J.: 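Provided herewith is a single structure, encoded as structure tokens, for subsequent inquiry.
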Amino acid sequence: MFSDRLFRLSRRQRISGAALVVALLLVTGLAWSTPQGQRFWEGPSEAEVALQTERARADDLKTQLTAAEEKLAGGRPPVLDSVQKARADDLKAQLDALQAELVATQQALGRAEAEAAAQADAANVVNGELKATRERHNAAAVDTTAKIADLRRQVQELSWKVENPQGYVPPPVTASMTKAQILAASQLFGLYTTQSPFDYAEFNGVEAAVSRNANVSGYFQSWDTPFRPDAVQAAWSRGQIPLLTWESQSQIGSITSDVPEFSLSRIIGGAFDDYLHQYARDIAATGLPLVIRFDHEMNGSWYPWSEVRGWDGGSINGNRPGQYAEMWRHVHDIFEAEGANDLVVWLWAPNRVNKIPSQPHPRQFYPGPEYVDWVGMSGYYRPGDPEPTFDDTYAMTLPLLREAAPGKPIFLAEIGATERGGHKAEWISSLFDGLARPENSDIIGIGWFSLAVTSGEGSGRSTNDWRLDSSPQSLRAAADGLARSGIGLPRP
């Protein structure tokens, strides 16, 4: 045990100890050779003088040893070298783990791609009599494609971490288009899904199902939340234009008009100016452009920013005619003051008019050409509509938009079709036929609301499945329409 302890002593300690032992042996030897009768008052003995000499030599050896060790350590105390070595060992362990994870993920990607190829081959060999089998293979291929996209994202992130083992810092996000390029864009295919742009798993599945990549990523936000730069960054990281539907109310997607706190008078009067200035500054700080569909469907009676008469004939939320356009200009002017309008494309989008009785012309709500970049609308094929056609859904409203905002590009900002009645695929085919007509060349794209929504109360609740991939028939119609129209981006 003693030898173990001696082995664990440092080199410096062993040398110092050896010097001390030598000195003690010398002292002991000298003490035994000294006459016993000598006393201290007689002056230092030869042994004492020798002891002092050996002590001085030991101290000198210690000094030389310390100097030599510090020179070897580059002038730093040895403890710092041990800390740095421990950190280096820890970083090496982290790097080894990341590299192992990267290899495993790349192997999983390879297996997934092989599985996708096998599924594609299987789908190609089945004949028309095995339709159900084909659909199962296609569904599996869609799921696998989504997994591959996610695995590729993981490989990219892991590769970055391996290259930066001392701390993962995501690469900066840049926009692939300027505001001017967005304003000149066409053939736009937008998607809204449940979690995008914060989770793209479902979004990826829809893209894969229709064999087309979206170039617009839609999402919603209300005034109880600050600007989300991560949403804009997430969209641009995929090369997609962020499309924010921005609602002046306290809950996203709430369908209620009685919210006095958010009356048009209060907004115009400055009650939310601090929030608006900060929101605009945050947009400017990102340096990334986006489209804002602000307070949409204003010609309906279901939102607190409406100024039309309600179903009971009364005023909605205390709003008066003309206030909607005034409110829009007020918000726009704040953005202009903060420099945010260099990045924002303003989208003005009423609801289709043939579902709203006794309403004024949409021009009543139009803020003016200098305050709007794009115009558009919400337009769904709904249960009970007379015909599953483009004209039945849009033909009444499009001329009114062109009258209100002549020359402005039109983006069908929120569209979808119900599966109820069994005519969804027919309506989708008619949609792309209508978009191809020369008179509709000013329509620059569509934003598909790919969600299933349940509404109503009690036994009167019903669900409309607006999703683009709600059935194999709808999926095929959408894939065919997108391909022949050229809308969206072809998948590599």
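Model, not experiment: these values are computed from the prediction. Side chains are part of it too, since the values below use all heavy atoms of this structure and drop only hydrogens, waters and symmetry mates.
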J.: Do any N or O atoms from the side chain of Tyr275 and from the backbone of Thr225 form a donor-acceptor pair under 3.5 angstrom?
T.: yes
J.: Donor-acceptor pair, Lys408 side chain versus Trp348 backbone, under 3.5 Å?
T.: no
J.: Determine, step by step, whether Leu431 and Trp448 satisfy the side chain to side chain contact (heavy atoms under 4.5 Å, CB included) criterion, reporting the C-alpha distance in whole Å, the side-chain angles of both residues, the deciding distance to 0.1 Å, and the verdict.
T.: CA-CA 12 Å; Leu431 166 71; Trp448 194 282; 4.0 Å; yes
J.: For Pro197 and Ala234, work out which heavy atoms get closest and say how close.
T.: O-CB, 3.3 Å
J.: Is the positively charged end of Arg238 above the ring of Tyr200, judged by distance under 6.0 angstrom from the centroid and angle within 45° of the axis?
T.: yes
J.: To check you understand the geometry: which heavy-atom pair defines the closest contact between Ile182 and Trp374, and what is its length?
T.: O-CZ2, 3.3 Å
J.: Does the side chain of Tyr279 reach to within under 4.5 Å of the side chain of Ile334, using non-hydrogen atoms?
T.: no
J.: Less than 4.0 angstrom from a charged side-chain N to a carboxylate O is my criterion; do Asp392 and Arg382 meet it?
T.: no
J.: Which heavy atom of Lys179 sits nearest to which heavy atom of Asn341, and what is that distance?
T.: NZ-O, 2.5 Å
J.: Measuring from Asp385:CG to Arg420:CZ, what's the distance to the nearest 0.5 Å?
T.: 11.5 Å
J.: When you measure from the side chain of Glu338 to the backbone N and O of Gln278, does any donor-acceptor pair fall under 3.5 Å?
T.: no
J.: Taking Tyr324's backbone N and O only, do any of them form a donor-acceptor pair with Asn319's side chain (distance below 3.5 Å, no angle check)?
T.: no
J.: Keeping the roles fixed (side chain from Asp465, backbone from Arg467), state whether a donor-acceptor pair exists under 3.5 Å.
T.: yes
J.: Answer yes or no: does atom CZ of Arg484 have more than 12 heavy-atom neighbours from other residues, nucleotides or ligands under 6.0 Å?
T.: yes
J.: Quick one, Val331 and Asp295 - any side-chain contact, counting heavy atoms below 4.5 Å?
T.: no
J.: Got a sec, which residues hit salt bridge (charged side-chain N to carboxylate O under 4.0 Å, His left out) with Asp282, two or more places apart in sequence or on another chain?
T.: none
J.: Students often mix this up, so state it plainly: with edges at 30° and 60°, are the rings of Trp223 and Phe262 parallel, tilted or perpendicular?
T.: perpendicular
J.: Distance under 6.0 Å and angle within 45° of the ring axis: does Arg363 meet both against Tyr366?
T.: no
J.: Can you check whether Pro362's main-chain N or O pairs, donor with acceptor, with Asn299's side chain at less than 3.5 Å?
T.: no
J.: Identify the two heavy atoms, one from Leu288 and one from Ala175, that lie closest to each other, and give their separation to 0.1 Å.
T.: CD2-N, 3.6 Å
J.: Work out which heavy atom in Val344 is nearest to a heavy atom in Asp373; give both atom names and the distance.
T.: O-OD2, 3.7 Å
J.: Keeping Glu414 on the side-chain end and Tyr380 on the backbone end, is there a donor-acceptor pair under 3.5 Å?
T.: no
J.: So how far is it from Leu468 CG to Ile446 CD1, rounded to the nearest 0.5 Å?
T.: 7.5 Å
J.: Please determine if Arg476 and Asp480 form a salt bridge, counting it only when a charged side-chain N lies under 4.0 Å from a carboxylate O.
T.: no
J.: Which of these passes ring-ring contact (aromatic ring centres under 6.0 Å, His included) with Trp328: Trp246, Tyr371, Phe294?
T.: Phe294
J.: Phe390 vs Leu398, test: side chain to side chain contact (heavy atoms under 4.5 Å, CB included). Steps then yes/no.
T.: CA-CA 11 Å; Phe390 178 93; Leu398 284 171; 4.0 Å; yes
J.: Between Ser474 and Glu419, is any side-chain donor less than 3.5 angstrom from a side-chain acceptor?
T.: yes
J.: Rounded to the nearest 0.5 Å, how far does CE of Met298 lie from CD1 of Ile316?
T.: 13.0 Å
J.: Under 3.5 Å, is there a donor on one side chain and an acceptor on the other for Ser222 and Asp224?
T.: yes
J.: Would you call the rings of His332 and Trp346 parallel, tilted or perpendicular, taking 30° and 60° as the class edges?
T.: tilted
J.: Take Thr194 and Phe203, measure what side chain to side chain contact (heavy atoms under 4.5 Å, CB included) needs, and give me the verdict at the end.
T.: CA-CA 8 Å; Thr194 308; Phe203 198 104; over 6 Å; no
J.: Is the shortest heavy-atom distance from the side chain of Phe365 to the side chain of Val308 under 4.5 Å?
T.: yes
J.: Under a 3.5 Å distance rule, please check whether Ser196 uses its side chain to pair with a backbone N or O of Tyr192 as donor and acceptor.
T.: no
J.: Any heavy-atom pair between the side chains of Val375 and Phe411 that's under 4.5 Å?
T.: no
J.: Under 4.5 Å between any side-chain heavy atoms of Pro350 and Glu297, yes or no?
T.: no
J.: Quick one: OG1 on Thr193 to CG on Asp199, what's the gap to the nearest 0.5 Å?
T.: 8.0 Å
J.: Any side-chain donor paired with an acceptor under 3.5 Å for Lys424 and Ser471?
T.: no
J.: With a 4.5 Å heavy-atom cut-off, do Val291 and Val216 have their side chains touching?
T.: no
J.: Would you say the side chain of Leu264 lies within less than 4.5 Å of the side chain of Asn317, judging by non-hydrogen atoms?
T.: no
J.: Please check if the side chain of Asn440 supplies one atom and the backbone of Gly434 the other of a donor-acceptor pair under 3.5 Å.
T.: yes
J.: Distance check, rounded to the nearest 0.5 Å: Ile444 atom CD1 versus Ile487 atom CD1?
T.: 10.5 Å
J.: Check the pair Met377 / Leu400 against side chain to side chain contact (heavy atoms under 4.5 Å, CB included), numbers first and verdict last.
T.: CA-CA 11 Å; Met377 74 164 105; Leu400 301 180; over 6 Å; no
J.: Can Ser211 and Arg491 be counted as having a side-chain donor-acceptor contact under 3.5 angstrom?
T.: no
J.: About how many Å separate CZ of Phe335 and NE2 of His330, when rounded to the nearest 0.5 Å?
T.: 11.0 Å
J.: Using modelled atom types and a 3.5 Å cut-off, is there a donor and acceptor pairing between side-chain atoms of Arg266 and backbone atoms of Glu261?
T.: yes
J.: What closest approach, in Å, do Trp305 and His296 show between heavy atoms, and which atom pair accounts for it?
T.: NE1-O, 2.9 Å
J.: Using a 4.5 Å cut-off on heavy atoms from C-beta on, say whether the side chain of Asp469 contacts that of Ser450.
T.: yes
